[in-house]
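Excluded from the calculations below are hydrogen atoms, water molecules and symmetry mates; all remaining heavy atoms, backbone and side chain alike, are included. Computed from a predicted model, the values in this text were never measured in an experiment.
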Amino acid sequence: MAEGDHHDLKALLSSTERGFLVKNNGDQVKIDNLSGKIKGLYFSASWCGPCQKFTPNLVDVYSELIPKGNFELIFVSGDEDEEAFKKYFSKMPWLAIPFSDSETRDRLDEVFKVSGIPFLVILDADGKVLTDNGVGIIREYGAEGYPFTPERIQEMKDQEAAARREQSLKSILVSPSRDFLISNDGKQVPVLELEGKMVGLYFALSSYGSSFKFTPKLVEIYEKLKERGESFEVVLIPLDDDEESFKKCFGGMPWLALPVKDKSCEKLARYFELSTLPTLVIIGPDGKTLNSNVAEVVEEHGVQAYPFTPEKFAELAAIEKARQEAQTLESILVVGDQDFVIGKDGATITVPELVGKNILLYFSAQWCPPCRAFLPKMIKVYHEIKEKDDAFEVIFISSDKDQVSFDEFFSSMPWLAIPFGDERKKFLSRMFKVQGIPSVVAIGPTGRTITKDARELLMIHGADAYPFTSERLEEIEAQLVEMAKGWPEKVKHALHEEHELVLTRRRSYTCDGCEEGGNGWSFYCEECDFDLHPKCALEENEGAKYDVMEEENGDDGLHQAPKEGWTCDGDVCCKA
């Protein structure tokens, strides 16, 4: 299917026994009644998380467009359970192919080459495909994209480009129905009152942990700047769906906000290409974007980051570089009178006793499934490195929620730790920009940072990665090149007779022969995603058995397959 293709929708939507579509109350609507209308075929399913998230947005757009009298949507369900179909369809104000007509639903899937959902194909009154990217267009432009022709979409893109060139505080924050912001006591404040000021647009979600942690820091900076008389304001751009959650969150903020669920919130998220939370966009006194996100800099440098100019950031970068060059183990692990770490049975080891060693800072927690899965690998590597070099140590930095969990998890570890609840944890997490766990930072004998990606190196190279320096990685690379000398470029193997296997550099994989993890080299079939260790691919005795170390791969508990044969990410569920 391509843009511009024509379809006889009456033939596609009907069957020999049926010439109607259904509403969620059971009413039947003749397919002939859709003649002359722009139509959208909405492929979706109740089990699909991205669909559940997109459908309310589509309902809002549909409600805006239906008064025009020239637009209709038809739900094509991917559910396999009629009860699930009915429950999901009850939230939709449009029409649907009856659930019982699986033949028509399957035919539509095939005709429009549906490989992922939510999927929305829009056709004009004559059955011509206007776009098969209806989901993206609705997310980007909402009802303003109507009638969804290529010409209208280009017009919207041109308008957006012009808006960027002519950006002002008014063009960003004022909408056709609103020229004001709100304070946390419900008062309306005209956007005009902010003109000429530096403004931070604070994109946040009250239920999102990072936003929750960042807000107090921003409040502190905001109040300091106000005390200094700086012409600076913050405007909250709430991404909440729940008004009560918004009110509870906004009640503790001293600045202004867009109203919750205001259409400008999503529009601004798209306009500024929001990719992470929290995000603090800085708009200069001239209404132009000064910086697309200063949240990380604010977190690290506080009020010193003001006025968020390139010159200020260059100054901070120079300070940071000097700090890194002067970094010692004491400078990162000694804070006030906290100058020790703990070992087994409550023993304390002073930080000076660790000076001159290679140190791994191991950020982890018992509640985290990937951390629990990674721990056996980490313990194995620890013992292997210790056998080679006793001037090596690991320090556990816990994100556990209580002392009992910390004690239980730490009891399984052979290394040292910062005590539970120690303030140094926050300092170190911020300093090394730890965004997720498990995370491993390598500190060299001088106390300077070698790499913040030691976990990845351990996963790929194990103890061989030690001491994690660029020189060691170059040695490993040279060894890999030397190892492959004399190996054939291609092999045929009984385990994969369909295609030849090509000698390929692979960062990490699981061998389809012995099911053991591998890295470096693989004999690989890209078409079938089939890997064999060189030892398996080149083994003369194909029946030989290998001693296989079974490693825990772990399940992070966040990506359960919603339906067999499908995989989902945050935006779409695709056929595997």
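- Among Val351, Leu354, Leu360, the single residue meeting the side-chain contact (heavy atoms from CB on, under 4.5 Å) criterion with Ile395 is Leu354.
- Counting only N and O atoms by type, the side chains of Ser405 and Glu408 include no donor and acceptor under 3.5 Å apart.
- If you look at Phe396 and Phe406, their ring centroids are closer than 6.0 Å.
- Applying the ring-ring contact (aromatic ring centres under 6.0 Å, His included) test to every pair with at least one member in residues 338-367, sequence neighbours left out, gives these pairs: Tyr362-Trp415.
- Electrostatic pairing of Lys157 and Glu160 does not count as a salt bridge here, judged by no charged N lying under 4.0 Å from a carboxylate O.
- The shortest distance between side-chain heavy atoms of Arg506 and Trp521 does not fall below 4.5 Å.
- Checking Glu320 against Gln324 by side-chain atom types alone, a donor-acceptor pair falls below 3.5 Å.
- The aromatic rings of Tyr306 and Phe308 sit perpendicular, their planes meeting at an angle over 60°, well past the 30° parallel limit.
- Side-chain contact between Leu473 and Leu457 is present, with heavy atoms from C-beta onward closer than 4.5 Å.
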**Asked** When you look at Lys288 and Ile283, which way does the side-chain contact (heavy atoms from CB on, under 4.5 Å) test go after all the steps?
**Response** CA-CA 6 Å; Lys288 307 299 182 185; Ile283 306 299; over 6 Å; no
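- Between Asn358 and Pro445, the closest side-chain pair of non-hydrogen atoms falls below 4.5 Å.
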**Request:** Show your reasoning for whether side-chain contact (heavy atoms from CB on, under 4.5 Å) applies to Leu428 and Leu333.
**Result:** CA-CA 8 Å; Leu428 291 166; Leu333 286 182; 4.0 Å; yes
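- Residues satisfying the side-chain hydrogen bond (donor to acceptor under 3.5 Å, both in side chains) test with Glu140, not counting sequence neighbours, are none.
- Listed by chain and number, the residues in a salt bridge (charged side-chain N to carboxylate O under 4.0 Å, His left out) with Glu233 are Lys226 (sequence neighbours excluded).
- The residues Glu266 and Lys261 are annotated as not salt-bridged, no charged nitrogen and carboxylate oxygen being separated by less than 4.0 angstrom.
- Because its NZ or CZ atom is both nearer than 6.0 Å to the ring centre of Tyr271 and within 45° of the ring axis, Arg164 counts as a cation-pi partner of that residue.
- Applying the 6.0 Å contact sphere to CD of Gln338 captures more than 12 heavy atoms from other residues, nucleotides or ligands.
- Between Pro414 and Ile379 the shortest side-chain heavy-atom distance falls below 4.5 Å.
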**Item:** Chi angles and distances behind the side-chain contact (heavy atoms from CB on, under 4.5 Å) call for Val235, Tyr202
**Value:** CA-CA 6 Å; Val235 176; Tyr202 179 33; over 6 Å; no
**Asked** Given the rule in the side-chain contact (heavy atoms from CB on, under 4.5 Å) test, do Tyr466 and Phe392 qualify, once you have shown the distances and angles that lead to the verdict?
**Response** CA-CA 10 Å; Tyr466 182 78; Phe392 165 72; 3.5 Å; yes
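- One finds a salt bridge joining Glu384 and Lys380 here, because a Lys/Arg side-chain nitrogen approaches an Asp/Glu carboxylate oxygen to under 4.0 Å.
- Partners of Glu220 according to the salt bridge (charged side-chain N to carboxylate O under 4.0 Å, His left out) rule, which considers only residues two or more places apart in sequence or in another chain, are Lys224.
- Annotation: the span from Glu474 atom CD to Ile476 atom CD1 amounts to 10.5 Å, rounded to 0.5 Å.
- For an aromatic pair to be called close, the ring centres must be under 6.0 Å apart, and Phe420 with Phe410 fails this.
- Looking only at side-chain heavy atoms (C-beta outward), Met378 and Met459 stay at 4.5 Å or farther from each other.
- Sequence neighbours left out, the pairs with a member in residues 428-449 that pass side-chain hydrogen bond (donor to acceptor under 3.5 Å, both in side chains) are Glu300-Lys433, Gln327-Thr449.
- Evaluation of the salt bridge (charged side-chain N to carboxylate O under 4.0 Å, His left out) rule for Lys197 yields no partner, not counting sequence neighbours.
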